[in-house]
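Please read all numbers here as calculations on a predicted model, not as lab measurements.
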Amino acid sequence: MKIGLFTDAYYPIISGVSISVDILVREFTKLGHEVHVITNDHEHAEKEPNVYRVKGFRLPMKGLEEYRIGKVTRKKVRELDKLNLDIIHCHTEFTMGRLGRRAARRNNIPVVHTYHTMYEDYVHFVSKMLSRPLQLISKWYSKSFANRADKVIFPTVKVQRTFDRYGYDKGGIVIPTGIYINQFNPQNFTEDEINELKERLGILDTQFVMFFLGRLSREKSVDVLIDGFFDVLQKHDNALLVLVGDGPDRLHFQERVDKYGITDHVIFTGMIPPNQVPKYYQIADVFVNFSVTETQGLTYYEALA
């Protein structure tokens, strides 16, 4: 088949959705399908085969600067005719999702939709004052978009149950997003490599390393994690918290660490290249994540792997 994957989040944006789409591209291609990714343009994007980028503009809200949106026009819809797609798989309800749905309607082809993001947990990025009505709107819009798809996929049972609460009654199927577990095998790394990374980060062999990897944003409950870590330190002064990643609230979390006076026990690594992620897991004794907004929990899979 010729499959079109429509997504607002794709490389160079690093997110669970980007990873999910990338995995689908690889696995569908292995099965012999022709796969096209239709996504927003990005000034840091590199040209890739079968990745079709649509011009858009940067979102002005803090925490969403990486994302792009654009207007869905008849011209953009018509331009997709040349791909001659057999099926459209939407990974967003917004710009690319609407574009995909209109292209499907124009060409009379089926639409599959994967619901990735609990938007009710992210409306504070748009407006804290209007968060309650925005939550209601996000639930209605998510359900409305799903109702227009031929099949809806949920990455976890949790997300399916959330949609049940929204009043969605057309069913759906749970298909978890997989990961390539072999790249996380400790045998892939030498002791010297791990020791070099520990030395670079300033980690001592006597320290017990608690490890978080993800977006440094308030909906990830990193502040709750830091509060809990402070309590741990009262009993175990050899504990060390390593926070891998970046995000709009990194400064807020650093200030929280400063307030507790535990800067010597917390390391902020910043963003690291995706190909380095498996190595960073090797420095940890335990993986910690206090977020309740996850829809896929890929970092849990990675830690287990």
With no hydrogens and no angle check, is any side-chain donor or acceptor of [X] less than 3.5 Å from a backbone partner on [Y]?
X    : Y    : answer
K170 : N147 : yes
K158 : E294 : yes
T156 : T295 : yes
D86  : K2   : yes
T114 : H91  : no
D150 : V112 : no
Q282 : Q187 : no
S217 : G247 : no
D246 : G270 : no

Please tabulate, for the side chains in residues 193-207, all donor-acceptor contacts under 3.5 angstrom to protein atoms that are two or more places apart in sequence or on a different chain.
unit_1 : atom_1 : unit_2 : atom_2 : d
E193   : OE1    : T190   : N      : 2.9
E193   : OE1    : T190   : OG1    : 3.4
N195   : ND2    : E191   : O      : 3.2
E196   : OE2    : R200   : NE     : 3.3
Q207   : OE1    : L204   : N      : 2.9

Locate the shortest heavy-atom distance separating [X] from [Y]; write the atom from each residue and the value.
X    : Y    : value
R53  : N40  : NH1-O, 2.9 Å
I13  : S18  : O-OG, 2.8 Å
L213 : T299 : O-CG2, 3.5 Å
F163 : A146 : CE2-CB, 3.4 Å
A104 : V111 : CB-CG2, 3.2 Å
G167 : K143 : C-CD, 3.7 Å

Could you see if [X] belongs to whatever hydrophobic cluster contains [Y]? Use Ile, Leu, Val, Met, Phe, Trp, Tyr and a side-chain cutoff under 4.5 Å.
X    : Y    : answer
F212 : V292 : no
I88  : M96  : yes
I19  : V51  : yes
L233 : F290 : yes
F268 : M271 : no

task = Decide side chain to side chain contact (heavy atoms under 4.5 Å, CB included) for V35 and N50; before the verdict, give the C-alpha distance in whole Å, the side-chain angles of both, and the deciding distance to 0.1 Å.
result = CA-CA 7 Å; V35 188; N50 291 348; 6.0 Å; no
What I'd like to find out is whether the side chain of [X] reaches to under 4.5 Å of the side chain of [Y], using heavy atoms alone.
X    : Y    : result
V244 : F211 : yes
F253 : V266 : no
V277 : F184 : yes
I38  : V54  : yes
V232 : L241 : no
Y10  : H42  : no
Y168 : Q160 : no
F229 : L243 : no

request  = Walk me through it: do I87 and I109 pass the test side chain to side chain contact (heavy atoms under 4.5 Å, CB included)?
outcome  = CA-CA 6 Å; I87 190 167; I109 58 178; 5.9 Å; no
ask   = Any luck finding a side-chain donor-acceptor pair between E93 and Y141 under 3.5 Å?
value = no
message = Could you check whether T293 and E219, counting side-chain N and O atoms only, form a donor-acceptor pair closer than 3.5 Å?
response = no
inquiry  = Under the side chain to side chain donor-acceptor pair (under 3.5 Å) definition, can you give me all pairs with a residue in residues 257-266, not counting sequence neighbours?
reply    = D227-Y260
Nearest 0.5 Å, please: how far is [atom2] in [Y] from [atom1] in [X]?
X    : Y    : atom1 : atom2 : result
T177 : D22  : OG1   : CG    : 11.5 Å
Y300 : N289 : OH    : CG    : 3.5 Å
R102 : L80  : CZ    : CG    : 10.5 Å
H252 : D223 : NE2   : CG    : 5.0 Å
D8   : T39  : CG    : OG1   : 6.5 Å
F230 : I226 : CZ    : CD1   : 12.0 Å

ask   = Can V242 and T269 be said to form a side chain to side chain contact (heavy atoms under 4.5 Å, CB included), step by step?
value = CA-CA 7 Å; V242 178; T269 69; 3.9 Å; yes
key: Audit row: Y11, E48, side-chain hydrogen bond (donor to acceptor under 3.5 Å, both in side chains) steps and yes/no   = CA-CA 10 Å; Y11 301 136; E48 300 176 69; over 6 Å; no
query = Where do T92 and H116 land on the side-chain hydrogen bond (donor to acceptor under 3.5 Å, both in side chains) test, with the steps shown first?
reply = CA-CA 7 Å; T92 174; H116 284 284; over 6 Å; no
ask   = Should we count CD of E46 as having more than 12 external heavy atoms under 6.0 Å?
value = no
task = Could you tell me whether L136 atom CG has more than 12 heavy atoms of other residues or ligands within 6.0 Å of it?
result = yes
query = Between F145 and H113, is the ring centre distance below 6.0 Å?
reply = yes
message = Tell me which one of I23, V25, L24 satisfies side-chain contact (heavy atoms from CB on, under 4.5 Å) with E27.
response = I23
task = Flag the pair D81 and R106 as a salt bridge only when some basic side-chain nitrogen lies within less than 4.0 angstrom of an acidic carboxylate oxygen.
result = yes
task = Give the ring-plane orientation class for F287 versus Y281, where under 30° counts as parallel, over 60° as perpendicular and anything between as tilted.
result = tilted
